[in-house]
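Chain letters run A, B, ... following the sequence lines, proteins first and then strands; every chain starts at 1.
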Amino acid sequence: MNDDRAFERATRDWLEAGSDTTPAATIDAVLLAVRTTPQERDLWIPRRITTLPTQVRLIAAIAIFAVAGFAAVNLFKAPPIGPSPTPSPTVLVSASTPPSATPSASPTPTAFGAAFPSGILSAGTYHSTRFAPIVALTVPEGWTRLYEDAEGLVLTKGKIEIYFTHGAAAVSVDQLAHLAVGNPSPVTLGAYAGLSAGPADGGGTIFIDSGLRAWDSAVGSLVWGWLVDVDGRPLSIQLTGPADQATAALADVQAILGTLGQAPAVAARIPHGPLAPGTYTTTVFTPPTTFTTTEGWINQTETVDRINLYVGDKAHQVSIARVVGDPIVYARTNPDYVVGKPTATTIAGLAGEQTSFQLSASAAIQSFYQLSALAETLDATLELAQRGTDARVITVDVAGTQVVILVQQPIGDASGFDAMVEALLASITFP
Amino acid sequence: MDRDLVERARSGDQEAFAELVHQTSDTLFGIARRILRDPGLAEDVLQNALVTIWRKLPHLREPERFDAWAYRIVVHACYADAPRNRQWASTVRVLPVDRANTTEDFESLSDRDELERAFRLLPLDQRAVFVLHHHVGLPLVAVAESLGIPDGTARSRLHYATRALRAAFEASRARDDFREGRLA
């Protein structure tokens, strides 16, 4: 037995040991507690807004409809018509026309600045690279970029933390309602309109994104939240920290958020979420890749290392990624993979190699390290396959860069996904 | 998960919630037990988590996401309760040495012991990702969604957890090899 196999088996045996049957006394105690425990009221705006003064209701309603309207227009606008429709930038629309509910705010476009470096920041303007929607901010001395990936950007100063994330495919007012204190009020951050709420006591979980994604704050902290529409995507921002420090920092943070902007070049990036049929070119992922989608494709993420497209439930995926190494060599080291013979193929006029492989539904364990051995960074890892997946890898050299196209679908799938993939692959070019 | 059951529980139906508890508690207990490595503590955590689920159910917008949402609450209940109990939580386990008659048995016991020890040294957030991925079988994207963390964070937590366990496993095997060599 090789080491990988032995390790997987030992891990599985150890992890699955013991009984998972819940003691009856525990269930009885829960059901007894439930009898006397009221459920929390669902604090979402349409219900609460009826208690507000008429003027406030009007302002909030305008802001809500404005934000939701921008999201709806940007997300559900009619597909472009023509042989090679290219999605048009939408950020400039929202940037130049803040909703009328925020008459006192004046948009402050910023320069794009440099990419956020990891660690302590000098005073200046920076933009995100992995996190999308790509944001540009001007920060004073003393802040640190703690973390950035495709899903989040975190800036800190002492114990103060600003967490940028994105939620569901549309701005939803209830994403702020869980702050529970006060009512969300209209706000403009830099060039973007939205809502703000807080402060609320920390120590709890703030549910966002339809109640699934959430963000946790420490006991004793205070929390403020903002939610703005950036290019049709909700940008969620939370400020938290020990009560005294967070309160003292609020004005500085508001000043930073007031510089929120987005570079014109970024406006043409591939939209997150459902893609209208059309032709798209990556701007974050390199080498720049152009492809044409038919109906049904969804853009999950685009980073400098990869772009993930999927259909339906994410069991049908196409990933285009830069890798260092050969994923097939990796797959051959795991006996759970059934790896086929490589065949020649052509992508974008470039000679490549295609290899099919399967990971059976009864495989001992899912791919363990994913492709970390191949990747330059952890963010760049690809999960080679889930259990029960039929997959193929196409490798092609694009001007010295090793590009991998990974196609995954359930074993025995007959959903018509193959035809969608073939159309997508045939459309790929590397301009 | 039965959507109707979740919706009824969400609207305050205690009988529906009781049925929901019966359907999900073993899975949730399994998650807590594996993260905390202490069945007694896991029972307490599960109890708190289920009451939290009841309280917060009205906030759940999409009933079909109940499972992932419940996983998250259990994991955070583990985070909340573990530090308070770290001082007295028992780590003593009785190893069935009398049943270890073969080299394979000794290897297995040694492996498990080392894996257990290594896992207990991991931060809870790494344990949670490992358990949701390898025990529950969630893809990493789903783990990230369930825990409300970025994909990259889930990947890195899994990577570090796996690396630690692999190191422990290899150390165990190296000791076994040494012992076998010395006794041979």
Side-chain angles (χ1 to χ4, degrees), chain A residues 3 6-7 10-23 25-27 29-31 33-35 37-44 130 147 149-152 165 172 174 178 205 207-216 300-301 314 365-366 368-370 372 378-379 381 383 386-387, chain B residues 10 12 14 17-18 21-22 25-30 33-34 39 43 46-47 50-51 54-62 65 68-69 72-73 76 79 108 111-112 115-116 119 130-131 133-135 137 139-141 144-146 148-153 155-156 159 162 165-166 169-170 173:
Chain A
D3 282 351
F7 173 56
T11 305
R12 185 189 61 221
D13 288 349
W14 158 77
L15 190 61
E16 298 307 321
S19 168
D20 288 343
T21 303
T22 313
T26 302
I27 293 180
V30 169
L31 299 182
V34 161
R35 285 186 205 163
T37 304
Q39 289 185 310
E40 289 181 3
R41 197 160 63 92
D42 186 15
L43 298 170
W44 88 299
R130 292 174 184 272
Y147 184 84
D149 76 357
E151 312 295 327
T165 187
S172 167
D174 66 326
H178 298 290
T205 297
F207 290 94
I208 56 176
D209 188 6
S210 304
L212 181 57
R213 285 181 67 86
W215 177 79
D216 299 297
Q300 182 185 5
T301 186
K314 297 185 184 176
I365 205 159
Q366 288 170 221
F368 225 68
Y369 279 95
Q370 292 78 52
S372 55
L378 284 170
D379 276 352
T381 59
E383 200 155 17
Q386 301 294 326
R387 289 192 188 98
Chain B
R10 192 173 63 169
Q14 293 185 3
F17 183 72
V21 168
H22 284 293
S25 63
D26 287 354
T27 302
L28 300 180
F29 179 61
R33 187 174 68 78
R34 284 173 177 80
E43 287 174 30
L46 177 65
Q47 189 173 324
L50 286 170
V51 174
W54 162 255
R55 283 176 36 233
K56 292 188 177 294
L57 254 179
H59 299 311
L60 179 64
R61 293 262 171 269
E62 298 177 38
R65 296 173 116 176
W69 181 76
R72 174 185 175 75
I73 289 176
H76 281 271
Y79 293 168
S108 173
D111 292 345
R112 286 193 190 189
L115 290 170
E116 182 73 27
F119 195 76
F130 190 89
V131 168
H133 187 57
H134 288 302
H135 168 63
L140 267 178
V141 171
E145 280 186 356
S146 180
I149 59 176
D151 285 0
T153 304
R155 271 192 205 92
S156 63
H159 170 79
T162 306
L165 292 177
R166 181 177 277 275
F169 173 78
E170 288 171 355
R173 284 300 163 98

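For A10(A), the parts lying near chain B are the backbone and the side chain together; criterion is any non-hydrogen pair under 4.5 Å. No part of A25(A) comes within reach of chain B, as not one of its non-hydrogen atoms sits under 4.5 angstrom from that chain.
Ionic pairing of E16(A) and R34(B) is present here: one or more N-O contacts between side-chain nitrogen and carboxylate oxygen are shorter than 4.0 angstrom.
No other option in T37(A), I27(A), V34(A), L31(A) has as many heavy-atom pairs under 4.5 Å with chain B as V34(A). Your options are A29(A), P38(A), P23(A), and the one with the most heavy-atom pairs under 4.5 Å with chain B is P23(A). Contact count versus chain A (heavy atoms, under 4.5 Å) is highest, among G30(B), P39(B), S25(B), for S25(B).
Of all heavy-atom pairs between Q39(A) and P58(B), the closest is CB-CG, 3.8 Å. Considering all non-hydrogen atoms of both residues, V30(A) and F17(B) come closest at CG1-CE2, 4.3 Å.
Panel note: side chain R12(A), backbone H134(B); no donor-acceptor pair is recorded below 3.5 Å.
Counting heavy atoms from C-beta on, the side chains of F119(B) and T11(A) never come closer than 4.5 Å.
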